[in-house]
Amino acid sequence: MSNLNSPIGIFDSGLGGLSILSEIHKQLPNEKLIYFADSANAPYGEKTEQEIVNLSIKNTQFLINNSCKIIVIACNTATTNAIHVLREKFDIPFVGIEPAIKPATFQSLSKKIGVLATKGTLSSKLFYKNASLLKQETEIIEVVGRGIVEAIENNCTNTKDFNNLLKKQLEIFIKNEIDYLVLGCSHYSFITKNIEKIMGENVKIIDSGFAVAKQTNKILDLTNLRKKTNHNLKIDIYTNKTSIDALKNVLHYLNLNINDINVY
Ligand code: DGL
């Protein structure tokens, strides 16, 4: 059973959702956080809808077994394919993450935006529905990220080969002169600098980490689940395969101190 002092549970197919965890930790420093990285099954983006649903159910069950009071799906692929099933199946509040195409559309002056996301996200019914509404006023150029999640999981994004691979995938955005690029996968936050370097300073990059943390904050209030006591608790990270070097690299990028974290 969970109560006010129970943890917030967060999951992703791997390390990507730690970009969301760090935003939640900044906005809710008092809350205990439990993170599950399902790296053994990454990437989710190439799986079928049913496989993504099944893995999302398993991850949610794991976090509920660890007494979590709310679940943050820190994965666009899992949110867009499975959040409706999770909400039906489990009696617990969920917060999801989706590509921020709406704010990008509103802010775009050229009315041409790009979205880089997984195949699973871009082919989901939820993304299709949301994008269709916006496409009446803005051109949305969609690109499926290839090999990026794997490179982040394997800690090899600082190589020439990786940057060449990335450049090839971003070329169509440059050709189409977009002014906003939406990062539609939580892993991609960790290569924001690589992307900025390729896209140049005229293209603004948007990801959803801050908005997801803000929404989590709001839901805790609405459901009266905000923690009342003030303890500085360690963050628990559970993983079934993650490379420790990649994890350390990501924590360093996020300015999270490894001494404040238990890794299981
Ligand atoms: N980080 C995930 C997302 O936001 C999924 C990446 C993957 O496993 O393909 O979509």
Side-chain angles (χ1 to χ4, degrees), residues 12-20 39 41-48 51-52 74-81 97-101 103-105 107-124 127-128 130-131 134-135 138-209 242-243 245-246 249-250 253-254:
D12 180 38
S13 62
L15 298 173
L18 288 171
S19 58
I20 314 296
S39 297
N41 290 301
Y44 279 15
E46 298 295 318
K47 297 195 186 300
T48 64
E51 286 171 330
I52 297 165
C75 173
N76 294 261
T77 313
T79 302
T80 51
N81 285 276
I97 178 172
E98 285 178 61
I101 48 175
T105 295
Q107 291 170 65
S108 169
L109 294 176
S110 68
K111 292 296 163 205
K112 274 185 181 183
I113 67 164
V115 53
L116 183 66
T118 68
K119 183 169 152 231
T121 295
L122 294 176
S123 61
S124 68
F127 180 81
Y128 177 80
N130 294 338
L134 300 169
K135 276 179 181 165
T138 299
E139 193 178 332
I140 303 180
I141 293 132
E142 300 168 16
V143 171
V144 170
R146 303 275 180 205
I148 305 176
V149 170
E150 292 88 332
I152 292 165
E153 290 291 317
N154 295 316
N155 198 22
C156 52
T157 54
N158 275 332
T159 65
K160 213 171 159 195
D161 280 354
F162 175 74
N163 283 299
N164 285 338
L165 173 84
L166 190 61
K167 200 168 170 202
K168 267 201 197 122
Q169 299 181 50
L170 300 179
E171 257 157 20
I172 183 156
F173 294 135
I174 298 173
K175 242 190 233 154
N176 279 280
E177 299 183 333
I178 61 161
D179 60 352
Y180 276 82
L181 175 56
V182 176
L183 303 186
C185 170
S186 53
H187 277 79
Y188 301 168
S189 277
F190 299 123
I191 53 156
T192 303
K193 287 203 180 88
N194 309 48
I195 295 176
E196 276 170 352
K197 218 166 156 189
I198 296 167
M199 295 304 298
E201 55 194 22
N202 292 333
V203 176
K204 307 220 171 27
I205 293 170
I206 303 198
D207 75 23
S208 323
T242 306
S243 116
D245 280 349
N249 198 26
V250 159
Y253 178 91
L254 295 170

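By the 6.0 Å contact criterion, CG on N176 is enclosed, its count of non-hydrogen atoms from other residues, nucleotides or ligands being greater than 12. For K111, the NZ atom counts as densely surrounded, since its 6.0 Å shell holds more than 12 non-hydrogen atoms of other residues, nucleotides or ligands. Residue K167 qualifies as open at atom NZ: its count of foreign heavy atoms under 6.0 Å is 12 or below.
No donor-acceptor distance shorter than 3.5 angstrom exists from the side chain of K197 to the backbone of T192, with no hydrogens or angles considered. At distances below 3.5 Å, at least one donor-acceptor pair connects side-chain atoms of S19 with backbone N or O atoms of S186. When atom types are taken as modelled, the side chain of E196 and the backbone of E201 share no donor-acceptor pair closer than 3.5 angstrom. Using modelled atom types, no side-chain atom of E153 and backbone atom of V149 make a donor-acceptor pair closer than 3.5 Å.
Smallest separation of non-hydrogen atoms from I20 and A74: CG1-CB, 3.7 Å. Nearest heavy atoms, G114 versus F173: CA-CE2, 3.5 Å. A pairwise comparison of heavy atoms in A246 and L15 identifies CB-CD1, 3.7 Å as the closest pair. The two residues V250 and F190 make their nearest non-hydrogen contact at CG1-CZ, 3.4 Å.
Neither side chain, S124 nor N81, offers a donor N or O lying under 3.5 Å from an acceptor on the other. Between the side chains of S189 and D207, a donor-acceptor pair is found at a separation under 3.5 Å. Checked by atom type, the side-chain pair D245/N155 shows no donor-acceptor distance below 3.5 Å. Counted by atom type alone, E98 and T79 present zero donor-acceptor pairs between their side chains at under 3.5 Å.
Under the side-chain hydrogen bond (donor to acceptor under 3.5 Å, both in side chains) criterion, T121 pairs with T77, T118, sequence neighbours left out.
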